[in-house]
Novice: 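Mind looking over this structure? Questions follow.
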Amino acid sequence: MTDHTPLRRQPWVPLPVAVALVVIAAFVGLKLVRPVIPQSVILLYMGFIVLGLVIHITLEDTRIARFSGFFQSGPGEGILVKVERVAVLALLPAVAAWATYAGLRPQYAPPVEIFQRHPTVGEATLAQITVPAWAADPATWREADIAAGKVLYTANCAVCHGENLDGLGPAAAGFRYPIRPANFRDVGTIAQLTLPYVYWRLTTGGLQNQFNSAMPRWVAAPGDAGASALHSNDLTPDEGWQVILYLYRATGYTPRVEALPAAAHASH
Amino acid sequence: MTARGARGGLAWAVVSGLALLPAAGLFAEPAWAQAAAIRDYAEPALIDSRLAVWIAAQLHLDFAAFVLAVPMFALAIELFGWSVARRDRAAGARFDWLAHEMARLLPAAYSLTAISGALLGMLLFAAYPRLMAYMTETFGPTFAVYPLFFVLETVCLYFWYYAWDRLQGGRKWAHILLGLLLNVFGTIVMFIANSWATFMMTPGGVDESGALVSLYGAVWNFGWMPLNVHRLVANITFGALLCAAYAAYRFLSARSEAERALYDWMGYTGNLIALFTMLFLPFAGYYFGFELFAYSATYGVTLMGGVLSWLFIIQAIVIAILFIGAAYYAWLGLLRIPGSEPQRRLIPLFNVALIAGFMVWATPHTMAASIEESTGQFHPLLGALGLMAPKMIAVTLILVVLYVSYLLYRRAGKVPVVPWARAGARIEWGLIALMAAIIFGLGIYGYFAPADVRIQTSIWQILVLIGGILVTFVLDLFLLRGAKTAAAVRWGSMPRRGQYVLILLAFVIVWLMGLMGYARSGARLNWHVFGLIQDTSASAGLPTLGEAAIVVTLITLVFFALLGVAFAISALSGRSELPAFGEPRRGAVA
């Protein structure tokens, strides 16, 4: 950027080589991160990086000249420059070949699945769920209920969701795809949800429907009489609420509250 | 356009505006329940009604946004030119030219607004008779005043535009007044239409069965003000970028140096306006989002964790492209100023910061993964970056970078003369660094805090940003007071690639508007009026993102095709004499 005087000597690494090195380093670096970063995200990141490089090169006329000048052979240039030029130019077809190969290589994996962390529920469904008075307000939750919730959690949920509610129970690794058991300590799960929503989650589970996860169904949905016959380890509604209270108390989160009760909408 | 053409356009607009009136009366049936005799759905357009309405509505919105926004900043520029004219006649004339040039596409675009609006109205009434009967029942009086204001807006617009040359000099005040009225009426028209749109998302003023309790409550529903604010700001960004693209086109096809210089300046101004208003958009968006969440948790889940969450990743990428493109254009602008090398040296640093910031901002929280890649969990690294707190840090710091770029642009080619210049500059940079550090610290704190505190910290971040900008900008004003100009801006010397970026940005913003239109409407899922009137038509399901992307692209192309026609028409009436550029005072716009 500072070489606006032609007298300045050429930098040691020609610009296109530096650009290629940055791209390669970023790509390899992203590929090395463990657990792996999904291809789609790597692609996104690489897109931004390449955009940044294009901007960098085209910001100054001198830099454009330096970039394109590299590809023109001049008299008396060293062998190093020639090798570099060929290497950079070879990179493009190499990338294309790799992309083609990756696209055509037979794969046995199921197609990429977009897991919806919080499937959408109808207002009407949520409205059917009434939070019992003793569970509604975190300030008045009773210790006895939370203790009961802890017992139920340890017996039923900890295998998957973990003793520490971190989603790392002994069975968790077995349910890797499309999604592992939720880590309740992550702010992305129960901290974002209202009480009726979490309860609804216990009434639906994941195996039985399009949400497609290992999460079992724990309590019968309101008005679903045949549910307990299907699921031997169902919890009663009160037990369901007790576990939920425990989830919140143990993680320190509070349920999301709707700013306004439903009735206020109409009168607003 | 000739005077006769103008009257033709005017008549068109009035007629199509009035076309809504009888329709409003026709369907004035009692309540939703009693309107059962009316058919629920019809298919007047031969294609899927939802698709037809979608296309018509989005086209109408695109044109309406343009038509509403351009008079706002054109009037501001005109006003500025008027006040400058007293000191510097040439500069005044130049600003007047700029304002007129920005308004040039208005008459043709206005007719297209009216036509697409009439089409939308007719399609809606024909395809969704029962829903529209209900809307008419609920919003009856507003349906009646709407055309009234529309007509007033029309009259003001055509007079404002076509009387421009006549109302000069001593009569300029009358012209400014007309422009002011135009803006007032235009804003009212938009606010009325917004109340219908937001009622469908967050109905208010009605009882459980949907019967109207208070018209006031129905109009001023939960989402109304947020959408008003959001659309006002976004429209200006939109209009300014389209004007900039127009300027870019004229720059590229300019035949003289003078022309090139003027259109370069116009493009620069358009981009500056867009960039400035764009700064507020993320916050306007969050405000709208918060209100929706507060109205119903379902919206929160739908938008952020559910079906539409993927859309917001695309939105994040598209917004990133907008900001990066606008910043790139601004940085290229330094090439216009001889002696800007010290400023240009810092740009690669900004580039890195901007790209890194947008990588965080576009990081998805959960993501598409194949079975080999699936950790089945939030990824420890990406999961952390994908959250609200890091994104807020990224966004606010991006804004800091953009602001600092602007400060550098002001600084380029200038030599401060105040005695405390060195110390002042140090304090200024120190303050900016402090601002960035506080924003960062607040974000880190918010990351570990519970959700309600996190929202608080993000508000504080914004306040620190705004406060910091205000303080440093005032400091900068004093610092550069009477500064010597080492080199003037050489307008017209902008590289051509900068102009192509402007055109690209216009395309991107139209596409983005379309995408967000889909999001706003789609968030209701299978409801016509959320929670009240269910969509039971065959096409009630939410179109997939891929489908939406195709439709939105199509709409964008049609929009540009139509706008191209407007371009061509407006080119027929060239005001041939260009104002002299002379030695413009730099920074005069800013």
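Just so we're on the same page: letters track the sequence lines, and every chain starts at 1.
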Novice: Please state whether the side chain, the backbone, both or neither of A:Ile57 comes within less than 4.5 Å of a heavy atom of chain B.
Specialist: neither

Novice: In chain order, what residues pass the salt bridge (charged side-chain N to carboxylate O under 4.0 Å, His left out) check against B:Arg497, with sequence neighbours excluded?
Specialist: A:Asp61

Novice: Are the aromatic ring centres of A:Tyr253 and A:Tyr248 under 6.0 angstrom apart?
Specialist: no

Novice: Between A:Phe27 and A:Trp98, what is the ring plane arrangement, given parallel below 30°, perpendicular above 60°, and tilted in between?
Specialist: perpendicular

Novice: With sequence neighbours excluded, what pairs up with A:Ile24 under the side-chain contact (heavy atoms from CB on, under 4.5 Å) test?
Specialist: A:Val28, A:Leu91

Novice: What part of B:Leu332 is in contact with chain A, defined as an atom under 4.5 angstrom from a non-hydrogen atom: side chain, backbone, both or neither?
Specialist: both

Novice: Can you tell me which portion of A:Ile55 sits under 4.5 Å from chain B's heavy atoms? Options are side chain, backbone, both or neither.
Specialist: both

